[in-house]
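Fair warning: this is a prediction, and the values are worked out from it, not measured in the lab. First the proteins, then the strands, lettered A, B, ... as listed; each starts at 1.
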Amino acid sequence: MNFGVDTGFYPLGSCTMKYNPKINEEIASHPAFAGLHPLQPESTVKGAKEVEEGLGKALCAITGMKAFTFLPCAGAHGELTGLMLIREYHLAHGDTARTKVIVPDSAHGTNPASANVCGLEIVEVKSGANGLVDVESLKPLLGPDIAAIMLTNPNTLGLFEREIGEIAKLVHGCGGLLYYDGANMNPLIGKVRPGDMGFDVLHLNLHKSFSTPHGGGGPGSGPVGVAERLLPCLQNVHTSGFHGNFGVMLRAYAYILMLGRENVKMVGPLATLAANYIKESLKDDYKLPIPSVCKHEFVFDGLINDGARDGVAGATTLDVAKRLLDYGFHAPTIYFPLLFHQALMIEPTETESLETLDAFIDVMHRIAEEAAKDPEMLHSAPHNAPIGRPDETTAARQPVLKYE
Amino acid sequence: MGTFAYFPHTEEDIRVMLKRIGVESIDALYSDVPADFIYKGEYDLPDALSEQQVRDFFDSLGSKNTKLKVFAGLGAYDHYVPAVIPYITSRSEFLTAYTPYQCEISQGTLRYIFEFQSMICRLTGLDVANASMYDGPTAAAEALRMAIASTRKKNKLVVSSLLQEHVLKVIRCYMKYPGYDVVYTEDVLSELGPDVAGVIVPSISRHGIVQDLSGYADAVHAAGALLIEYCDPSALAVLKTPAEWGADIAVGDGQSLGIPLCYGGPYVGFMACKQDYMRKLPGRIVGQALDASGKRCFVLTLQAREQHIRREKATSNICSNESLMALWVTVYLSLMGPEGMKKVNGLSCEGAHYLHAQLLATGKFEDPFPGKPFLKEFCLKPLVPAEKLQQKLLDAGFFAAVSIDGYVNFCVTEKHGKDEIDALVAAVKEV
């Protein structure tokens, strides 16, 4: 009834569904940590404190930040915490007018939502034809009312924002800060550090890049790292009850210790290799709107030949996604980012073997052939899953949300 | 390539992949990154450890923690964890799944969330519950935001200062930045007025006293505001429910439903509300549906509230929540049933009252709340220095007597037998 990473390949864009090492689970249930009460005095939790310190130090090394708070329990929670820290920073400088945050149109939906929860006004900056933030469109938005810009780099098209140096200079120049949405950090691990690109605050998703299981929608952990000048702000922001999701931190720390200095350098590069391999293997069947080297993920804009003919609608991205389920694969992220109507966002990770990638590529070819011949068969997919497509409209109009 | 277990590629695999892409090296895939930003230093990380070394490392860190019997509460409770729960929650189909966007292959996750929602509704007596929140304190903060959103044009919130400290801390933080007008007071009803959007009160005070909320709902509703109740879901099995008190929204932390202490997390927040506010709920909600062949199934529903659809107009920014911990709670509640929950409360309450009496008998405490009802936790005013008291107990192997508002907190659960309670009292006598 339920598909997980251990069941099969999960090419879910922006979600970084990598292997969840089993040793992590063993460590997370260690009785010497599981029985600790969160209010115990420091003298009795020295081991737990060393986990916090050790993990924080490792994340600083990987990201180039100065310190981390582990209070946030998920990525969006990290965004909110990070934006609060940014507001604290401006308030500490008597800068009360900075109430706007710039968010690209390609950003994850949580970015504008987090900014709103933090009481900030959202200003959208458009992407250029190359899928990157358009620096010329950014310039007129900058001013004394800008608190920060939120960027994910690589962005949700999997493209590296190569003007980041210039963007950092401009935003800092107007007195604003740079927030890094770490949901897409995986391809940079071992290669590029957000701190070096000029980011002042970031969050990481330990349940993405650092191998902790997603659990069907949490518990995650969204630690927030800050640059030196934000260190004093950390003590003013309390976004969860105790010390954050400590059990998730144990898992991520175990993962980093297994990786070590030697292997960390290959995490991002191997993830990037896998994404480019799939992209190049499928671009003759699926529309690639921006043909360039990608990072951890890339976006197709639907099928090249969707099989549409007189009286027969062509196969959509939804159809392709649902047909993949029949072949034993999870679907990619679909209809996101919003820049393309038939967006199909694919992210493999470094933990998938070439055999798995090839099997996925074969199936994607086969689905493209099926679409060209018989799109109607795809409209009604999946055919072999535990259930067929549900009637979501009725479910939302007449909601049944509990046993009556 | 080396032999790192989580990288399955051979040298030959990498050659094949590079050839298909048409580049010479993996480095070429970073040609779009300005050279200045390619990190050229050595990462300040330890050498890679083997699995055995990782085990040894955490064993050695674990041995630096002091093993203590926990007789403290204040938001985290040492209830018994039935052995079956971790076995079910660690099944990889649950553990390694993503958020159930593809419902056709996620019926397991969707079904248990539906069960969780049903059980939270049963415990609170309210109409609708969501799929979970990060923890109790964030659920409380989100409920206050929901009150603002539900009442329109009102900007004032009244927060009971009797909420636990870790809850107040998060509420203060969440309320600061949007600039809401928040009043913190013990006497919440005296602050009611036409500008008030919501009032939040605990069902059990920060001192462990079960609250009498008679008349609260009428007064709050007369002012056109929403009443939010912060509750311990375990205690709801024996207390009057939020619905019975007339609350509009109930929030709290599911930790007391069999989740290990684990130094503060992961836990799971819950939120339930009256039908009227359903479309203002934050987060995921699972609903029942029919598939193409008419088969009953479950889907994520009412998604027009959520950030991935509405972006800045969403009811909240929450995306991932604490799904697996909601499963944990669901399994716990289905194992316990209403009778089991009554028994847990009965044993905890009995033990707490026994400890309360024994501690007062030592002559080292005063009862600051004589005759007030309490369940598993209570506060006493120590007549000896609180710091010394706590340290003495730590030395004797107990975590208890946590300082709060000039008092000290004690908590007893069904895990603690009479002999353990007597041992704690004996240690107190030594102070």
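- Remark: the B:Ser316 side chain and the B:Arg145 side chain contain no N/O donor-acceptor pair separated by less than 3.5 Å.
- Interface remark: of the candidates A:Ala331, A:Pro386, A:Ala385, A:Ala58, A:Pro386 forms the most heavy-atom pairs closer than 4.5 Å to chain B.
- For A:Lys57, the NZ atom sits in a loose shell: 12 or fewer heavy atoms of surrounding residues, nucleotides or ligands are nearer than 6.0 Å.
- Among A:Met258, A:Glu280, A:Arg389, the residue with the largest count of heavy-atom pairs under 4.5 Å with chain B is A:Met258.
- For B:Thr109, the parts sitting under 4.5 Å from any heavy atom of chain A are the backbone and the side chain alike.
- Interface check for chain A: of the options B:Gln102, B:Glu93, B:Met325, the most heavy-atom pairs under 4.5 Å are formed by B:Gln102.
- Ring to ring, B:Tyr134 and A:His77 are close: their centroids are under 6.0 angstrom apart.
- Under the 3.5 Å distance criterion, the side-chain polar atoms of A:Arg261 are left unmatched by any main-chain donor or acceptor of B:Asp47.
- Dense packing is recorded around NZ of B:Lys176, with more than 12 heavy atoms of other residues, nucleotides or ligands lying under 6.0 Å away.
- Using modelled atom types, no side-chain atom of B:Asn317 and backbone atom of A:Ala113 make a donor-acceptor pair closer than 3.5 Å.
- For a residue to count as touching a neighbouring chain, one of its non-hydrogen atoms must lie under 4.5 Å from one of that chain's; by this rule A:Pro399 touches chain B with the side chain only.
- The candidate from A:Gly119, A:Gly215, A:Gly4 with the greatest count of non-hydrogen atom pairs under 4.5 Å with chain B is A:Gly215.
- At a 4.5 Å heavy-atom cutoff, the contact between B:Lys295 and chain A is made by side-chain atoms alone.
- Both the backbone and the side chain of A:Ser114 come within less than 4.5 Å of a heavy atom in chain B.
- When the candidates A:Gly190, A:Cys60, A:Gly54, A:Ser43 are compared by the number of heavy-atom contacts under 4.5 Å with chain B, A:Gly190 comes out ahead.
- Residue B:Lys313 does not touch chain A at all, counting heavy-atom pairs closer than 4.5 Å.
- Counting heavy-atom pairs closer than 4.5 Å to chain B, the top residue among A:Asn276, A:Asp196, A:Asn20, A:Val237 is A:Asn276.
- Contacts between B:Arg55 and chain A at a heavy-atom distance below 4.5 Å involve backbone atoms as well as side-chain atoms.
- Between B:Phe37 and A:Phe160, the distance separating the two ring centers is not shorter than 6.0 angstrom.
- Proximity to chain A is limited to the side chain of B:Leu68, based on heavy atoms less than 4.5 angstrom apart.
- Among B:Gly22, B:Gly62, B:Ser293, the residue with the largest count of heavy-atom pairs under 4.5 Å with chain A is B:Gly62.
- Between B:Phe114 and A:Tyr403, the gap from one ring centroid to the other is short of 6.0 Å.
- If you measure heavy-atom distances from B:Ser60 to chain A, you find no contacts under 4.5 Å at all.
- Proximity to chain A involves both the backbone and the side chain of B:Ile105, based on heavy atoms less than 4.5 angstrom apart.
- Under a cutoff of 6.0 Å and an axis angle of 45°, A:Lys191 and B:Tyr30 form a cation-pi pair.
- Using a 4.5 Å cut-off between heavy atoms, A:Glu404 makes no contact with chain B at all.
- With a 4.5 Å cut-off on non-hydrogen atoms, A:Lys18 does not touch chain B at all.
- With a threshold of 4.5 angstrom between heavy atoms, B:Asp13 approaches chain A through its backbone and through its side chain.
- With ring centers used as reference points, B:Phe57 lies under 6.0 Å from A:Tyr253.
- For A:Leu83, no part lies near chain B; criterion is any non-hydrogen pair under 4.5 Å.
- Interface residue A:Ile27: only side-chain heavy atoms are found under 4.5 Å from chain B.
- The main-chain N or O of A:Arg162 is never found under 3.5 Å from a side-chain atom of B:Asp32 such that the two would form a donor-acceptor pair.
- Within the 4.5 angstrom heavy-atom criterion, only side-chain atoms of A:Ile122, from C-beta onward, approach chain B.
- Atoms CD1 and OG, from A:Ile23 and A:Ser211 in turn, are 11.5 Å apart once rounded to the nearest 0.5 Å.
- A heavy-atom distance below 4.5 Å is found between the side chains of A:Met197 and A:Leu188.
- Of the N and O atoms on the side chains of B:Ser323 and B:Asn321, not one donor lies less than 3.5 Å from an acceptor on the other residue.
- For A:Ile256, the part lying under 4.5 angstrom from a heavy atom of chain B is the side chain only.
- In this structure, A:His108 and A:Phe336 have parallel ring planes: the angle between them is below the 30° cut-off, well short of the 60° mark.
- Residue contact with chain A, scored on non-hydrogen atoms closer than 4.5 Å, involves the side chain of B:Met278 exclusively.
- No side-chain donor-acceptor contact under 3.5 Å links A:His37 to the backbone of B:Leu261.
- Counting heavy-atom pairs under 4.5 Å between each of B:Ser92, B:Pro100, B:Gly269 and chain A puts B:Ser92 at the top.
- Heavy atoms of A:Asn236 lying under 4.5 Å from chain B belong exclusively to its backbone.
- Of all the listed residues (B:Tyr174, B:Phe94, B:Tyr112, B:Tyr77), the one sharing the greatest number of non-hydrogen pairs under 4.5 Å with chain A is B:Tyr174.
- Of the two parts of B:Ser106, the backbone and the side chain both hold a non-hydrogen atom closer than 4.5 Å to a non-hydrogen atom of chain A.
- Using a 4.5 Å cut-off between heavy atoms, B:Pro137 touches chain A through its side chain atoms alone.
- Within the 4.5 angstrom heavy-atom criterion, only side-chain atoms of B:Gln390, from C-beta onward, approach chain A.
- Contact of B:Tyr267 with chain A is made through backbone and side chain together, with heavy-atom distances under 4.5 Å.
- Proximity to chain B is limited to the side chain of A:Glu262, based on heavy atoms less than 4.5 angstrom apart.
- For an aromatic pair to be called close, the ring centres must be under 6.0 Å apart, and B:Tyr43 with B:Tyr39 satisfies this.
- Both the backbone and the side chain of A:Val117 come within less than 4.5 Å of a heavy atom in chain B.
- Contacts between B:Arg311 and chain A at a heavy-atom distance below 4.5 Å involve backbone atoms as well as side-chain atoms.
- Heavy-atom pairs under 4.5 Å with chain B were tallied for A:Val248, A:Leu120, A:Thr272, A:Leu273; the largest tally goes to A:Leu273.
- Dense packing is recorded around NZ of A:Lys22, with more than 12 heavy atoms of other residues, nucleotides or ligands lying under 6.0 Å away.
- Under the 3.5 Å distance criterion, the side-chain polar atoms of B:Asp253 are left unmatched by any main-chain donor or acceptor of B:Gly75.
- The two residues B:Leu300 and A:Glu392 have their closest heavy-atom pair at O-OE1, 4.4 Å.
- For A:Lys279, no part sits under 4.5 Å from any heavy atom of chain B, backbone or side chain.
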